[in-house]
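Working notes, structure below.
None of these values were measured; they are calculated from a predicted model. Note on naming: letters A, B, ... go to the chains in the order of the sequence lines (proteins, then strands), and numbering restarts at 1 for each one.
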Protein chains: 2
Amino acid sequence: MEEGFEKFRQYLCEKGLKSTRQRKIILKAFLKSTSHLSTEDLYLSLRKKYPGIGYATVYRTLKLFAECGIAEEQNFGDGQTRFEPSHQENHHDHLVCTACHSIIEFENPQIEKLQEEVAANHGFTTTHHRLELYGLCHKCSS
Amino acid sequence: MEEGFEKFRQYLCEKGLKSTRQRKIILKAFLKSTSHLSTEDLYLSLRKKYPGIGYATVYRTLKLFAECGIAEEQNFGDGQTRFEPSHQENHHDHLVCTACHSIIEFENPQIEKLQEEVAANHGFTTTHHRLELYGLCHKCSS
DNA sequence: CCTATATTGATAATCATTTTCATGTGGAGG
DNA sequence: CCTCCACATGAAAATGATTATCAATATAGG
């Protein structure tokens with residue numbers, strides 16, 4: 001979590017952007033969150049404590065987070081973009097149950113490694129990736 | 001391609017839906033296509049030959065295709081949903097250039113295999129998956 | 001051929017996201 | 001501390017993709 005703050009501070013500095021009250025509030029709430037938040041989710045939960053914060057600011061700020069690498073964008077096909085804090089040490093992917101919509105996270109360094117190889121073979125420099133396995137979870141398949 | 005028509009015919013029959021001129025036209029054009037078409041792409045290309053076909057119909061029909069399994073929805077983060085014919089024999093994944101939006105397809109059986117293992121370890125029965133690697137393609141990274 | 005019902009095309013409506021713009025604020029340099 | 005100005009903010013309007021509405025039309029079964 002600390003590195004999140006540090007990384008953001010540095011990014012703002014590099015780009016000549018400013019550290020504002022709102023950005024700090026949003027960053028703190030975001031890094032604390034565990035689940036896959038949509039902009040709306042985050043906006044609504046912030047709203048309770050800090051009524052002044054605007055929808056647009058949350059959008060803009062989450063996009064900033066994604067740009068500087070402390071957030072990852074995800075799209076599970078429900079029409080809303082979701083974000084989650086990216087912990088670069090242990091990146092994880094998702095198993096999505098198409099019946100009960102539960103989400104299980106997993107890590108697999110072997111897959112990650114193969115992905116890098118594929119990218120390299122095609123002359124690609126990858127910044128991030130997305131892997132989702134859809135199907136029925138243990139409960140739903142019985 | 002033939003199975004596409006057959007599968008669609010059967011799906012319509014099951015659901016009590018009708019086989020119309022437009023659906024045939026759209027299905028034919030869709031199955032012929034190779035790339036990752038957005039609804040707009042398909043609409044515009046159809047428009048040339050069949051000016052009568054409406055935007056909404058293309059949307060509705062592509063959604064039908066996805067429901068009955070002859071199309072796969074994809075979302076590369078450019079704000080448009082794309083579709084491609086699903087050829088279940090040789091599934092492929094995507095490298096997406098975040099600068100020029102070019103898309104490279106690749107297959108990697110090793111990754112597929114590892115995915116199955118992960119799913120099995122979590123008691124999941126997978127129906128499909130999605131893997132996308134984002135970054136800069138050879139051209140854009142120089 | 002008739003009829004009930006699904007489908008179509010045009011258009012309006014909706015939803016997420018982005019832009020606009022007037023106003024406010026952080027922070028570098030005095 | 002002040003001042004200044006570029007950047008940021010919030011509210012509202014604008015945009016772009018997608019979906020719903022509805023009157024007119026076409027399909028499939030009898």
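A:His122 meets the ring pair (Phe, Tyr, Trp, His ring centres under 6.0 Å) test with no other residue; sequence neighbours excluded. Residues passing the ring pair (Phe, Tyr, Trp, His ring centres under 6.0 Å) test with B:Phe124: none are found, sequence neighbours excluded. By the ring pair (Phe, Tyr, Trp, His ring centres under 6.0 Å) test, B:His129 is found to be paired with B:His91, residues two or more places apart in sequence or in another chain being considered.
In this structure, B:Arg23 reaches the C:dT8 phosphate: one of its side-chain N or O atoms is under 4.0 Å from OP1 or OP2. Contact between the side-chain N/O atoms of B:Tyr59 and the OP1/OP2 oxygens of D:dT18 is found at a separation under 4.0 Å.
Listed candidates were D:dA12, D:dT19, C:dG9. Nearest to the side chain of B:Gln22 is C:dG9. Here D:dA17 is the nucleotide among D:dA11, D:dA17, C:dT8 with the atom lying nearest to any side-chain atom of B:Glu40.
For the residue pair A:Gln80 / A:His36, no side-chain donor-acceptor distance below 3.5 Å is found, with atom types taken as modelled.
Contact annotation: the side chain of A:Arg130 never approaches that of A:His128 to less than 4.5 Å [non-hydrogen atoms, C-beta and beyond].
Among pairs with a residue in residues 49-72 of chain B, none fulfils salt bridge (Lys or Arg N to Asp or Glu O under 4.0 Å), at least two apart in sequence or across chains.
Interface residues of residues 73-82 of chain B facing DNA chain D, ordered by number: B:Gly79, B:Gln80, B:Thr81; criterion, heavy-atom separation under 4.0 Å.
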Can you give me the N/O atom pairs linking the protein to nucleotides 28-30 of chain D at distances under 3.5 Å, or say none if there are none?
residue: D:dA28; atom: OP1; partner: B:Ser19; partner atom: O; Å: 3.4

